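Just so we're on the same page: letters track the sequence lines, and every chain starts at 1. We use all heavy atoms of the structure for the numbers below, so side chains are in, but hydrogens, waters and symmetry mates are not. What you are looking at is a predicted structure, and each value in this text was computed from that prediction instead of being measured.
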Amino acid sequence: MTNLPSDEYEDYMSDGELQYEVKQPKLIENFSTTVIIANLPQVPESKVEKLTSVLKKLTGKVGTLSTATPPLMPMNGDKTHGFAFITFVSSADATKCVEAINSYQFDKSHKLSVHGYDDVCGLRDVPEKYVEKTARPYVPQADVGAWLRDPGQRDAFCIRQGHETEVHWADGLRDPVIDYDGSREKAAGIQWCKDRMEWSPKGSFMATIIKQKGVILWGGEKYEKLGRFAHADVDHVSFSPNEGYIMTVSNKPDAVDAVKIHDIKTGKMIRAFKLYPSDKFREEDEERGEINPPQFSWSYNDEYIARMGEDLITIYELPSMKLLEKKSLLADGIKEFQWSPGANTLAYWSPEKGNSPAQVNLVAIPSRKLLRSKNLFQVNSVLMSWQDEGRFLGCKVLRHTKSKKTVYNNFELFRVMEEGVPVEMLDVKDAVFNFRWEPGGSRFAMVHAENAGATRMNVSFYDMDKTVKADEAGTKKKGKKLTEGQVLPELNLVTTLVDRQCSSLFWSPAGGVIVLASLGDSSSGSLEFYDVNQTITLAMREHYRATDVNWDPSGRMVSTSVCQPLNGAYFKFQMDNGYMLWSFQGKQLFIAAYENFYQFKWRPRKVVLSKEAVKEVETNIKKYEREFDRADKERAKALYLEETKGKRLQRKTFRDRVADLRAVYKSQKQQRIAMNGGYDSDDDSNFTTTIVKMTEIIDTKETVIDEFP
Amino acid sequence: MRPILLKGHERSITYVNYNYDGDLLFTASKDNVPTVWSANTGERIGTYNGHQGAVWDLDCNKFSTHLLTASADATCKMWNVETGEEVQTFKHRGPVRGVAWGEGSQCFATISDPFMDAVAMISIYDCPLDSSPESWSQAPRLEIELPKENAVKATNLVFLNLNEALFVTFDDGSIRLYDVVNGKVLNMITPHTKKINNVSFNREKTLFITSSVDTTAKLYDVVKLEHLKTYKTDRPVNDAVISPNKEHILLGGGQDAMSVTTTSGKAGKFETKFFHLVYETEFGVVKGHFGPINALAINPDGRSYASGAEDGYIRLHFFDQSYINMKDPVPDAPTEEAN
């Protein structure tokens with residue numbers, strides 16, 4: 001106690017009078033923590049308490065309510081005015097409340113209108129005279145289509161490896177070259193993309209996901225920042241097919257804004273939703289955690305967005321985000337729905353329930369006309385898949401026998417474009433693992449095997465259309481004479497490949513060619529390039545441990561890659577990380593290996609030409625071929641000259657360096673000879689080179705080839 | 001190219017090297033018995049018996065008369081190359097990790113790992129070969145204690161610049177140059193972020209290449225210690241050598257021995273890779289081993305090379321004529337002909 005540091009305890013030990021400092025709460029001089037909720041039901045005094053408690057519950061989910069200032073609901077005579085003041089603890093909560101609860105359907109006839117109190121006060125002080133606002137100066141927008149005009153007709157892809165995110169060009173002739181690797185961000189000390197990246201459906205934008213903050217869009221020639229959408233704990237993003245809107249989703253069941261829909265052009269959020277629709281998955285629902293939240297899905301032309309609820313599909317119109325015709329589409333017992341990729345048509349299926357059969361229904365939107373309904377019995381599950389133009393809908397129906405002991409497959413194939421939507425059936429006894437439509441075609445492929453545990457698979461190709469062959473021409477069918485080349489709507493088997501190592505199917509986006517791959521943990525990564533038009537195997541290849549196969553949008557190249565999960569949960573195949581590029585014929589073009597490889601994404605590109613224009617190009621292919629060949633040659637020449645110039649310079653610098661070093665070595669020659677006892681190790685005459693040729697007779701054998709007669 | 005498979009060792013190979021003339025191939029293994037082979041025929045000429053532990057390193061002098069071996073039994077032994085007799089044993093306090101002859105074969109240096117309370121040490125011995133071994137001092141001429149902090153271990157050593165400096169690589173990715181008289185650090189560079197497995201020099205000792213666990217090999221200039229080239233792979237690099245008569249690099253590696261059992265030979269990447277010295281591009285691989293390659297050596301005539309691996313085999317490869325005739329991919333003068 002003797003050595004107390006005196007200054008430290010001065011105040012403590014001081015004999016001076018105690019001074020009280022009254023702590024007063026800081027006065028908040030604005031009303032940023034208060035919101036006005038208008039358009040409430042007007043209730044008599046007796047019901048005010050109940051309404052207040054409902055409001056408290058509603059707003060309490062968004063933020064913490066202030067206890068000092070309870071909700072206030074002014075009276076107008078014997079009824080309330082129909083609005084209330086709610087005060088939160090922080091202004092951030094108040095802002096969130098405005099965002100989340102504005103236009104909330106409180107009950108059937110009351111849609112809430114929520115505004116910040118300060119904003120409303122602003123309206124009070126409107127100046128008498130209208131002052132015209134000056135227009136904002138025009139700032140040219142980044143050209144998001146610039147990459148499509150690449151003179152080399154190359155395709156782009158993005159990879160995530162290590163800490164790097166790189167966009168490369170590939171043309172299938174030369175090694176990929178980097179277009180942009182986030183160098184500007186690196187220079188600023190930021191990592192361009194820390195988590196995941198996604199391309200928009202037409203390749204105009206690149207979205208990088210920042211888990212804590214939200215989503216950033218990049219685009220244009222120099223990959224400028226084109227938009228940012230704040231969303232804490234974002235897990236998924238989804239672009240609308242025409243790139244008009246973006247949806248960000250965070251997997252938080254309690255958040256009122258777990259799903260946010262934004263307009264890409266304005267950068268504003270247009271509506272927020274809870275993860276689960278209130279009617280389907282209530283908070284009391286204990287099993288909630290096990291159910292995947294029903295995803296919103298976009299209609300093909302950005303007109304609608306829909307998700308399913310209990311016995312209904314809610315469809316919202318874009319961009320207003322209002323419920324279509326103010327009511328949901330009734331869909332009794334719905335299990336899953338899908339938009340057609342070619343029209344505003346919804347397909348959904350519902351399982352058997354009591355005495356009513358399982359159903360697959362096609363509904364046109366907005367007329368809500370039932371286009372086709374198909375009843376099915378003894379159904380376990382239905383897997384729906386649209387052909388990419390929306391011409392056909394395939395349903396793989398897993399059915400059980402009456403005893404429910406064995407299951408079998410059966411396909412219901414809808415010809416959606418035809419009058420009355422005829423449905424064809426195809427029974428398959430085998431277990432079916434996978435089926436895929438040919439893009440832009442009428443064929444589909446499926447992987448099947450006799451039993452579910454088989455290791456060797458069969459792959460069958462079916463065609464929805466039958467082309468009349470020469471030998472069938474002239475015969476009659478249904479009273480009509482057939483001509484060669486005529487296309488009949490008739491399901492037929494193209495071919496079956498037996499005994500294949502195959503788990504996944506990857507059609508070329510151009511059609512005609514398919515890659516049969518065995519992917520996943522226990523497989524070898526074998527790849528078979530198969531030409532369905534000519535029914536021949538183009539190549540058998542292997543990419544050991546491959547996890548992904550991707551076609552480039554033009555169908556020229558295929559990439560196979562070994563990726564590890566982004567969250568780094570397990571490092572199973574650490575050694576093999578990387579990707580390979582192949583031509584569509586299975587020729588290996590490029591290999592890249594990395595220590596950690598996460599993502600490989602081709603930049604999507606929609607075909608701009610109409611079907612007729614494509615046909616026109618195909619007939620005049622010779623003319624185009626010459627042009628392209630010439631351009632290719634010129635480019636190759638320029639590149640070769642450029643490259644060799646650099647390499648030659650590199651080589652010269654290196655050789656000069658080595659020559660300088662040799663001079664240093666030579667200058668020490670005398671000392672070295674002295675050290676080695678007078679022996680000059682550089683003197684070639686110390687060596688004699690003798691070439692020894694050795695012949696060793698391993699074995700001699702004599703046989704009489706033929707007796708001479 | 002059909003290699004000669006040298007089967008003689010019972011455990012994984014730790015080091016292979018040719019003698020200065022290129023007619024003998026010395027190999028060290030964890031099976032305690034260094035072996036010498038004919039570099040031309042692959043015949044086993046003899047073994048050097050006497051070590052009680054794994055042999056980590058060896059070095060034959062320029063005149064191929066004396067061989068030094070470094071062993072985990074805490075000794076360094078000198079052998080008569082021709083007769084296989086043990087000339088002298090130099091006792092250390094810890095496992096001997098590396099050994100190197102000085103220019104002129106009148107001295108040599110060793111590095112020993114820390115063991116019990118003995119610290120890691122660089123020791124320089126004098127051994128005038130013209131006097132009898134009994135007259136040599138058992139105690140080193142100079143002992144340099146390695147820094148104890150961070151527990152760095154030395155991995156390789158070489159005499160440089162006419163025995164004026166001792167070049168030592170470490171498992172933290174650094175290289176230090178020591179003065180051989182007073183043991184002071186003359187220079188230090190850190191080419192790698194992880195352990196340097198091996199270092200090898202060109203014949204004139206003007207360039208060196210380091211191979212590291214960080215999956216790269218790097219080429220440096222000996223005089224200025226300047227970085228010249230980097231060769232990137234997707235696996236830890238165990239050894240890399242510079243071709244004596246071509247602008248090529250040979251590089252061997254693979255996963256560390258610990259994780260080998262979890263993958264198949266196909267995925268383990270146990271090939272020797274060929275890189276262009278100047279352009280840093282890979283242009284070829286030689287497969288064959290079924291364990292990671294621990295050591296590589298190229299014959300001073302540039303016509304053959306040997307690789308030793310964890311699988312216990314040494315593969316002696318003689319290059320095909322097409323490799324020997326191979327020209328630089330870039331022609332000397334710019335031509336109008338594309339491709």
Q: Return the option, out of R662(A), K652(A), K666(A), M694(A), with the maximum number of heavy-atom pairs under 4.5 Å with chain B.
A: R662(A)
Q: Using a cut-off of under 4.5 Å on heavy-atom pairs, state which of R657(A), Q668(A), R655(A), Q650(A) scores highest against chain B.
A: R657(A)
Q. Using non-hydrogen atoms only, which part of L129(B) is less than 4.5 Å away from chain A: side chain, backbone, both, or neither?
A. neither
Q) Between L162(B) and chain A, which part of the residue has a heavy atom less than 4.5 Å away: side chain, backbone, both or neither? A) both
Q | Heavy atoms from other residues, nucleotides or ligands near CZ of R303(B) exceed 12 (cutoff 6.0 Å) | A | no
Q) Which region of K232(B), side chain (C-beta onward) or backbone (N, CA, C, O), has a non-hydrogen atom less than 4.5 Å from a non-hydrogen atom of chain A, or is it both or neither? A) neither
Q. Side chain, backbone, both or neither: which part of K205(B) has an atom under 4.5 Å from a heavy atom of chain A?
A. neither
Q. Just checking, is any N or O donor in the side chain of S105(B) or H66(B) under 3.5 Å from an acceptor N or O on the other one?
A. no
(Q) Go through it in stages, so that I can follow the logic: the residues are Y18(B) and D301(B), the test is side chain to side chain donor-acceptor pair (under 3.5 Å), and I'd like the CA-CA distance, side-chain angles, deciding distance and then a yes or no. (A) CA-CA 11 Å; Y18(B) 287 92; D301(B) 69 6; over 6 Å; no
Q) Can a salt bridge be assigned to the pair E103(B) and K62(B) using a cut-off of 4.0 Å between side-chain N and carboxylate O? A) yes
Q.
Heavy-atom pairs under 4.5 Å with chain A: which of K224(B), E226(B), R203(B), H276(B) has the most?
A. E226(B)
**Q.** Pair F290(B) and F270(B), ring centroids less than 6.0 Å apart
**A.** no
Q: Establish, from distance only, whether the side-chain atoms of N238(B) and N197(B) form a donor-acceptor pair under 3.5 Å.
A: yes
Q.
Let's test your reading of the structure: which of D221(B), T215(B), L228(B) forms the most heavy-atom pairs below 4.5 Å with chain A?
A. D221(B)
